There are 2 protein chains.
Amino acid sequence: MTINEELTHELLAFFNGFSSWENSIVRSSELTVSEAHAIEVLGEHEKINMKGLAQKLGVTTGTTTVTVDRLEKKNFARRESTKEDRRVNLISLTDLGKKAFEEHHDFHMHLTEQMTSILSDDEIKQFLNTLKKINAETF
Amino acid sequence: MTINEELTHELLAFFNGFSSWENSIVRSSELTVSEAHAIEVLGEHEKINMKGLAQKLGVTTGTTTVTVDRLEKKNFARRESTKEDRRVNLISLTDLGKKAFEEHHDFHMHLTEQMTSILSDDEIKQFLNTLKKINAETF
DNA sequence: TAATATTGTTTGATATTCAAGATATATGAT
DNA sequence: ATCATATATCTTGAATATCAAACAATATTA
C-alpha cells in the first residue's frame, strides 16, 4: 500500500467519523442537519450572499433558498437586500441564530480538545499548518 | 484566537470542503450521495452487517435498510444471511458494485494526490500519522 | 423456560436535494 | 440608449434521505 493509498483511507475514515459525530450532535439538538451546516457557515461570516453560502455548503442555490427559508421562519437568520446589486441577498444570523451557533460551536471546540489531548504541541501545530495549506490550495 | 479555536475553524473548513468536493463528484456520477457513501464503506470491508454499516455511516439501521435495498435493486450489493446468527445480514459488493467502488476510489486518490502535491514528504508522513491517531482514539 | 436483549425491517412523517425553468437585475456591445 | 447576454435568486416537481417508534425474528441470560 502506497502512502497516498493509506492517506486516502485515513481521510475517508476521518470524514466519516466527523460526519457521524456531527449527525449525532445535531440529532440531539433542535436543529436539522442542513440548518446546522448553514448556521456553522453563517457564524463565521458576518454577511454572505446566497451563492457564496451555497458554495460553502456544496449544494445548489435552489437548495440553499429552501434552507434559508426555514432558518428565517425559525428566526435564526435574516435576508437583507443590497443597494449596490438589487439581485443579491445578504444572509446573516439573528441573535437567536448566534446563540444556536455558539452552542453548536462549543461542541466543536470539545471535539477539537478531545483530538488535541492525544497530540503533542508540535503535532498540533503541524496538523493545523497542514490543514491550512490544504484548505487554501485544494478546496 | 487560541490554537484550538484556529484548529476548530480549519477542521470545519476542511470538512465542508471535502463534503462539497464529494457532492460534486457524486452529482456527476450515476450514484446518489448515500449510495456512494455506502459503497465507500463496503469497498473497504469484505463483508459487514447492517448495524456495523449503519455505524460507519453514522445513520440509523432503518436508513441503512433503505440504502441497501436500493443498492440491491441496482445490483451493486447483496445481502447474505449467516448460519451462526440468523438475524444477521452480511452485506457485500457485487462485481458491478466493486467496479463502482474502484471508479469512485480513483477520484479520492486524485484528491489525495492533489493534497500531497503541495506538502513535503515529512509533512505527509506527519499528517498521516496524526490522522491515524485521531481516527483510532477519537472516532 | 421465561424474561430480556439484539438485529434488522417496516411505517409514517419530515427533511433534503436536484435539475430545469422563471424572474429580476446587471453588464457589455453596438 | 437598446438589445443581447450574464448573473443571482427563487420556484416547481419529483426523487431521495432521514428519523423515531413500532414490529418481527432470533439470541442470550437468569
Side-chain angles (χ1 to χ4, degrees), chain A residues 16 19-42 47-74 76-92, chain B residues 16 19-42 47-74 76-92:
Chain A
N16 284 337
S19 186
S20 298
W21 173 87
E22 177 94 18
N23 282 351
S24 75
I25 292 296
V26 168
R27 235 177 268 150
S28 68
S29 82
E30 55 182 338
L31 300 170
T32 68
V33 174
S34 67
E35 286 167 4
H37 283 165
I39 283 178
E40 275 173 356
V41 173
L42 291 171
K47 289 176 178 181
I48 188 171
N49 67 12
M50 294 298 288
K51 194 182 180 190
L53 180 55
Q55 273 167 351
K56 294 268 180 200
L57 294 172
V59 297
T60 64
T61 56
T63 298
T64 307
T65 294
V66 175
T67 304
V68 172
D69 283 349
R70 207 187 335 269
L71 287 178
E72 261 193 330
K73 198 172 291 172
K74 289 189 177 179
F76 284 129
R78 72 172 78 82
R79 284 174 167 93
E80 184 184 344
S81 54
T82 63
K83 288 169 193 169
E84 302 79 45
D85 187 335
R86 302 206 300 172
R87 293 168 305 179
V88 171
N89 278 335
L90 293 183
I91 318 301
S92 57
Chain B
N16 285 337
S19 186
S20 299
W21 174 87
E22 178 93 17
N23 282 351
S24 76
I25 293 295
V26 167
R27 233 177 270 148
S28 68
S29 82
E30 55 183 337
L31 299 170
T32 69
V33 174
S34 67
E35 286 168 2
H37 284 166
I39 283 178
E40 276 173 357
V41 173
L42 291 170
K47 289 176 179 182
I48 187 171
N49 68 9
M50 294 296 290
K51 193 182 181 190
L53 179 56
Q55 274 168 350
K56 293 269 179 200
L57 294 172
V59 296
T60 64
T61 56
T63 298
T64 307
T65 294
V66 175
T67 304
V68 172
D69 283 350
R70 205 185 330 273
L71 287 178
E72 261 194 329
K73 197 173 292 172
K74 289 188 177 180
F76 284 129
R78 71 173 78 83
R79 284 174 167 92
E80 183 184 345
S81 54
T82 62
K83 289 170 193 167
E84 303 80 45
D85 187 336
R86 301 205 300 173
R87 293 168 305 181
V88 170
N89 277 335
L90 292 182
I91 319 301
S92 57

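Nothing here was measured: the structure is a model prediction, and the numbers come from that model. No hydrogens, no waters, no symmetry mates; every other heavy atom, side chains included, goes into these values.
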Original post:
Taking the nucleotide of DNA chain C with the closest heavy atom to each, which residue, A:Asp85 or A:Gly58, is nearer the 5' end?
Top reply: A:Gly58
Original post:
Counting just side-chain N and O atoms, does A:Asn89 come under 4.0 Å of either OP1 or OP2 of D:dC10?
Top reply: yes
Original post:
Phosphate oxygens OP1/OP2 of C:dC18: is one of them under 4.0 Å from a side-chain N or O of A:Thr63?
Top reply: yes
Subject >> Within-4.5 Å side-chain heavy-atom neighbours: B:Leu90 and B:Arg79 >> reply: no
Original post:
What integer distance in Å separates A:Glu72:CD from D:dC10:P?
Top reply: 9 Å
**OP:** Find the distance A:Met50:CE to C:dT23:P and express it as a whole number of Å.
**Re:** 19 Å
**OP:** Rounded off to whole Å, could you give me the CG-to-P distance for the B:Leu31 and D:dT16 pair?
**Re:** 12 Å
Original post:
What's the closest nucleotide to the A:Thr60 side chain, out of C:dA19, C:dT10, D:dT18?
Top reply: C:dA19
Original post:
Can you check the A:Glu35 CD to C:dT14 C1' distance for me, whole Å?
Top reply: 11 Å
**OP:** Using only side-chain N and O atoms of A:Thr32, determine if any of them is under 4.0 Å from OP1 or OP2 of D:dT18.
**Re:** no
Original post:
Checking all strands, does A:Ser34 fall into the base, sugar-phosphate, or nothing category for heavy-atom contacts under 4.0 angstrom?
Top reply: sugar-phosphate
Original post:
Which part of the nucleic acid does A:Thr65 contact within heavy-atom distance under 4.0 Å: base, sugar-phosphate only, or nothing?
Top reply: base
Original post:
To the nearest Å, how far apart are B:Lys73 NZ and D:dA15 P?
Top reply: 13 Å
Subject >> Which residue lies more 5' along DNA chain D, comparing B:Glu84 with A:Asn49 via nearest heavy atoms >> reply: A:Asn49
**OP:** Using only side-chain N and O atoms of A:Arg86, determine if any of them is under 4.0 Å from OP1 or OP2 of D:dA8.
**Re:** no
Subject >> Presence of donor-acceptor pair under 3.5 Å, side chain of A:Arg87 and base of D:dT9 >> reply: no
Subject >> Nucleotide C:dG8, atom P - distance to CD of B:Glu80 in whole Å >> reply: 13 Å
**OP:** Please figure out whether A:Val33 or B:Leu90 has its closest DNA chain C nucleotide nearer the 5' end.
**Re:** B:Leu90
Original post:
Taking OP1 and OP2 of D:dC10, is either one under 4.0 Å from a side-chain nitrogen or oxygen of A:Arg79?
Top reply: yes
**OP:** Work out which heavy atom in A:Ser20 is nearest to a heavy atom in B:Leu57; give both atom names and the distance.
**Re:** OG-C, 3.7 Å
Subject >> Pairing of A:Glu30 and A:Lys74 as salt bridge, 4.0 angstrom limit >> reply: no
Original post:
Taking only side-chain nitrogens and oxygens of A:Arg70, does any of them come within less than 4.0 Å of OP1 or OP2 of C:dT14?
Top reply: no
Subject >> Side chain B:Ser29, main chain B:Val26, donor-acceptor under 3.5 Å >> reply: yes
**OP:** For D:dC19, take OP1 and OP2 only and decide whether either is under 4.0 Å from a side-chain N or O of A:Asn23.
**Re:** no
Original post:
Atom NZ of A:Lys74 to atom P of C:dT14: distance rounded to whole Å?
Top reply: 13 Å
Subject >> Euclidean distance, B:Leu31 CG relative to B:Arg70 CZ, rounded to 0.5 Å >> reply: 11.5 Å
